[in-house]
Structures are given as C-alpha cells and as structure tokens.
Visitor: 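Have a look at this one.
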There are 2 protein chains.
Amino acid sequence: MAREASTDDVPWLTPAQLEEWVALATLITTLPSALDAQLKRDAGLNSFEYHVLVRLSDSPHGVVPMSDLAVMAQGSPSRLSHAVTRLERAGYVERMACKEADRRTAAVLTEAGRKKLEEAAPGHVREVRRLVVDVLTPEQLAALGDAARVIVKMTAPEVADVIFSRKRPG
Amino acid sequence: MAREASTDDVPWLTPAQLEEWVALATLITTLPSALDAQLKRDAGLNSFEYHVLVRLSDSPHGVVPMSDLAVMAQGSPSRLSHAVTRLERAGYVERMACKEADRRTAAVLTEAGRKKLEEAAPGHVREVRRLVVDVLTPEQLAALGDAARVIVKMTAPEVADVIFSRKRPG
DNA sequence: GCGTTTGATTTGAACATTCAAGTCCATGTT
DNA sequence: AACATGGACTTGAATGTTCAAATCAAACGC
C-alpha cells in the first residue's frame with residue numbers, strides 16, 4: 001500500500017485521519033446491527049420496516065404514495081414494494097389507489113399498524129438513547145450531527161435536501 | 001455524559017436531540033451503501049469481503065484463524081465462513097490448518113488476493129476521502145471520531161477494546 | 001475406555017435486498 | 001385510430017445474511 005499522504009493523486013490517509021475513519025467505519029457497521037437487533041427482538045420488525053411505519057404515521061392521514069414513501073424511507077422502489085408486501089401480510093399497512101387523477105398506488109397505515117408502532121417506538125427510542133444520545137454530551141451530539149449532515153450531503157444530496165429541510169439559522 | 005431530565009422512564013427525544021439523531025440515522029444508512037456501491041462497481045467485492053482481505057493483509061503472514069478473523073472483521077462466524085468460501089472460490093484466500101497444537105482453521109491471503117487488494121484499495125480510499133475525510137475540517141473529523149468511539153463502546157465493547165487499542169493521551 | 005461436553009467451524013434453509021425484466025396504463029405521435 | 005414512449009410500480013431470480021442445526025475432534029468425568 002502506498003504510504004504517501006498527498007492531496008489528490010495518491011489517496012492514502014494520514015495516521016490521524018485513518019484513526020478517525022476506523023472509528024466511524026466501526027460505528028456504521030455496529031450501530032445499525034445493534035438497532036436492528038433490538039427492533040427484531042422486541043417488535044419483530046427490521047429497521048426498514050419500522051422506518052416505513054414511522055414515515056406513514058408522520059403523514060397527514062397515514063397515506064403516502066409508494067414513490068414518495070420510498071424516498072422518505074430511503075430505499076429503492078423495489079425494496080419498499082417487498083417491505084410493504086410483508087407489512088401488508090402482517091396487517092400493518094394496506095395498499096390503495098391515490099386520489100383520482102393521481103393514478104399511483106399509496107400505502108396506508110392501518111389501526112393495527114399504528115398500534116404496533118406505538119408499541120414498538122418506546123423501546124426503540126430507549127435504545128437510541130442508551131447507545132447514542134445519553135452517552136454523548138450535548139456538544140458532542142451536536143458536533144456529530146453537524147458532521148453527519150455534511151457527509152450526507154455527499155452520499156445522498158437529494159435525501160439531504162428533503163430530510164434537513166428545516167435548516168438552523170446559521 | 002449528558003444528563004437530560006429522564007433516563008429510563010420517559011423515552012422521547014427533545015427536538016434538538018431528534019434533529020441530530022435523524023442526521024446520524026441518515027448517515028448510517030447512506031454511507032454504507034455508498035461505499036458498498038463503489039467497491040462492488042470497481043472491484044466486485046462487498047464491504048465485508050474487502051474488510052476481510054484488509055484484515056488478512058494487515059496480519060503478519062496473511063494468516064489468521066477464522067475465529068479471530070471474524071472478530072476483526074466484525075462479522076459472525078457464519079458470515080465469515082460464507083464470505084471466505086466466496087473469496088476462496090475467487091482465488092483470493094485459502095483455508096489451511098493452524099500450527100500444530102492449535103487445531104483451528106485459518107484463512108490465508110493468496111498472492112492473487114494481495115494483488116486484488118492493492119488494486120482495490122486506492123479507489124476505496126479515494127471514495128472515503130471524497131465522502132468523508134475531505135469534506136470535514138480536521139476538527140470536525142476529530143469530533144466525529146471521538147463521538148464514534150464513545151458510541152462503539154456501547155454497541156460493541158469487545159470490538160472497541162480490540163480496534164481502539166492505541167488510545168491517544170488525553 | 002466410554003460417553004458427554006465443549007469449542008470451532010460449517011452447512012442449509014429462511015429471509016431480505018438487489019438487479020433486471022415485466023406489467024399496466026396514460027399520454028404523445030403520426 | 002394505432003402505436004410507440006415513459007412513469008410507477010411489481011415480480012422473480014440471484015445473491016448475501018441470519019439463524020438454528022449438524023459436524024467433528026479434543027478434553028473431561030467416572
């Protein structure tokens with residue numbers, strides 16, 4: 001491996017950069033599986049399915065067109081379609097036609113789905129607290145968030161625009 | 001450590017906390033797939049397979065017992081076994097018995113494997129730079145790393161001990 | 001010595017995700 | 001009117017991951 005540390009051509013990281021990157025790399029592999037595990041264990045849902053339910057419940061009447069929902073939940077149309085099929089089979093969601101004129105399909109949260117989410121949410125949030133929010137100082141958490149927003153602007157610009165819509169004043 | 005009003009009973013996040021968490025949640029879903037995509041596209045490997053090769057190449061003779069390798073690469077024994085089977089099929093790795101007395105199986109990096117890695121690494125590092133290292137100030141990167149280390153201590157204590165062996169003084 | 005337990009690894013089936021078609025239908029085009 | 005075009009999903013097959021069971025050999029207990 002090249003051990004140079006120049007800017008553009010030779011791409012290696014400095015020891016300091018490498019150390020931070022290893023920390024982040026470990027974070028992005030272990031945190032998702034920890035959260036997945038909790039949800040799976042306590043609610044029988046995976047993170048994506050949970051996220052789909054959350055997005056639905058955040059919407060006016062729990063009704064969202066598939067294509068919009070896919071963007072919100074940050075998954076491909078296909079992934080969403082499969083997930084909605086599973087959620088439908090479980091009775092948490094239904095498919096229906098959008099309003100007239102809009103001939104897309106929409107997913108709707110059922111009562112059972114809303115209940116399921118209300119049941120699952122506290123445990124999930126508790127886990128987020130336990131693993132992330134409660135172990136960092138407010139300053140650390142803010143710095144983490146800032147860095148995350150900058151990175152997401154690179155990894156998924158469209159998502160960044162949608163998700164971080166409410167920018168803080170600065 | 002942050003000590004917000006409640007620790008166990010009332011689990012919801014404050015708006016500020018929620019905002020930072022959403023940013024992080026988006027990071028941990030989009031960054032892995034961005035990196036996966038680059039590796040898959042340019043080298044035909046997924047992140048885990050790549051990571052396995054890296055860990056092997058970092059080791060004395062490219063030889064590591066399966067169980068140790070699983071910990072280093074942060075995957076289950078089963079996941080590693082399947083991955084090594086694929087890498088073996090591709091000619092990048094071989095299985096062999098450990099030294100006498102130790103009756104475990106070890107994975108060994110082949111010449112082809114080492115070459116593959118040397119070929120794949122620059123593109124991967126370039127992507128890490130492009131998405132993460134080069135878009136943050138050194139201070140931001142350091143803060144991100146610090147927060148990541150704290151979180152990883154929660155999500156995977158054993159891994160934290162192994163990976164962050166060389167702690168900085170302060 | 002013989003049967004059991006334990007640790008390390010592998011295997012196979014179930015499930016999730018991706019990827020590349022396939023379907024359906026409305027809207028242009030000629 | 002007939003036909004291609006494009007959007008919005010859905011589907012099925014291929015691939016990867018998980019989970020539980022199977023293997024296999026050394027170590028232990030009696």
Side-chain angles (χ1 to χ4, degrees), chain A residues 28-30 32-41 43-53 63-90 92-108 156, chain B residues 28-30 32-41 43-53 63-90 92-108 158:
Chain A
I28 66 179
T29 63
T30 61
S33 42
L35 294 171
D36 265 359
Q38 183 277 324
L39 276 173
K40 192 64 164 215
R41 175 164 46 72
L45 298 170
N46 65 32
S47 293
F48 185 68
E49 292 160 348
Y50 177 82
H51 203 168
V52 167
L53 294 184
V63 184
V64 181
M66 293 295 278
S67 39
D68 297 358
L69 188 53
V71 175
M72 293 180 194
Q74 297 166 40
S76 65
S78 174
R79 187 185 188 182
L80 177 67
S81 183
H82 284 301
V84 166
T85 300
R86 294 193 297 274
L87 291 171
E88 205 169 17
R89 196 167 288 149
Y92 301 145
V93 157
E94 277 170 17
R95 278 182 231 248
M96 57 162 48
C98 282
K99 315 268 172 196
E100 32 176 311
D102 186 344
R103 116 196 119 6
R104 296 178 296 172
T105 305
V108 203
Chain B
I28 66 179
T29 63
T30 61
S33 41
L35 294 171
D36 265 359
Q38 183 278 323
L39 276 172
K40 193 64 165 213
R41 177 165 44 72
L45 297 170
N46 66 31
S47 292
F48 185 68
E49 292 160 347
Y50 177 81
H51 203 169
V52 167
L53 295 183
V63 184
V64 181
M66 293 295 279
S67 38
D68 297 359
L69 188 53
V71 176
M72 293 180 194
Q74 298 165 42
S76 65
S78 174
R79 187 185 189 183
L80 177 67
S81 183
H82 285 301
V84 166
T85 299
R86 293 193 298 273
L87 291 171
E88 206 170 16
R89 196 167 289 148
Y92 302 145
V93 157
E94 276 169 19
R95 277 182 231 248
M96 57 161 47
C98 283
K99 314 269 172 196
E100 32 175 311
D102 186 343
R103 113 198 122 1
R104 296 179 296 173
T105 306
V108 203
E158 350 60 57

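Numbered from 1 within each chain, the chains take letters A, B, ... in sequence-line order.
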Visitor: Specify the separation, in whole Å, of atom CZ of B:R89 and atom P of C:dT11.
Guide: 10 Å
Visitor: Between D:dT18, C:dA8, C:dT17, spot the one nearest the side chain of B:R79, thanks.
Guide: D:dT18
Visitor: Look at A:T85 and D:dT10 and indicate whether a side-chain polar atom (N or O) is within less than 4.0 Å of OP1 or OP2.
Guide: no
Visitor: Record whether the side chain of B:H82 comes under 3.5 Å of the base of D:dT18 through a donor-acceptor pair of N or O atoms.
Guide: yes
Visitor: Using atom CG of A:L80 as one end and atom C1' of D:dC9 as the other, report the distance to the nearest whole Å.
Guide: 10 Å
Visitor: Rounded to whole angstrom units, what separation is found between the CG atom of B:D36 and the C1' atom of C:dC19?
Guide: 15 Å
Visitor: Write down the distance between CG (A:L69) and C1' (D:dA8), rounded to a whole number of angstrom.
Guide: 14 Å
Visitor: For A:R95 and D:dT10, is the shortest distance between a side-chain N/O and OP1 or OP2 below 4.0 Å?
Guide: yes
Visitor: Should B:K40 be listed as having a side-chain N or O under 4.0 Å from OP1 or OP2 of C:dT17?
Guide: no
Visitor: What's the CD-C1' distance between B:E88 and C:dT10, to the nearest Å?
Guide: 12 Å
Visitor: Whether A:R104 contacts C:dC25 is assessed here as follows: a side-chain N or O lying under 4.0 Å from the phosphate OP1 or OP2. Is that the case?
Guide: no
Visitor: What is the distance from CZ of A:R86 to C1' of C:dA14, rounded to the nearest Å?
Guide: 12 Å
Visitor: How far does CG of B:L87 sit from NE2 of B:H82, to the nearest 0.5 angstrom?
Guide: 13.0 Å
Visitor: Mark yes when over 12 heavy atoms from residues, nucleotides or ligands other than A:E88 sit less than 6.0 Å from its CD; otherwise mark no.
Guide: yes
Visitor: Do B:R104 and B:D68 come within less than 4.5 Å of each other through their side chains, counting heavy atoms only?
Guide: yes
Visitor: Tell me which of A:F48 and A:R103 sits closer to the 5' end of DNA chain C, going by the nucleotide each one is nearest to.
Guide: A:F48
Visitor: Between B:S81 and A:E49, which residue's closest nucleotide on DNA chain C lies nearer the 5′ terminus?
Guide: B:S81
Visitor: Tell me whether the side-chain N/O atoms of B:S76 come closer than 4.0 Å to OP1 or OP2 in D:dT17.
Guide: no
Visitor: Rounded off to whole Å, could you give me the CZ-to-C1' distance for the A:R41 and D:dT18 pair?
Guide: 16 Å
Visitor: Which part of the nucleic acid does A:S78 contact within heavy-atom distance under 4.0 Å: base, sugar-phosphate only, or nothing?
Guide: base
Visitor: Would you find a donor on one side and an acceptor on the other, under 3.5 Å apart, between the side chain of A:T85 and the backbone of A:S81?
Guide: yes
Visitor: In whole angstrom, what separates B:L87's CG from D:dT17's P?
Guide: 11 Å
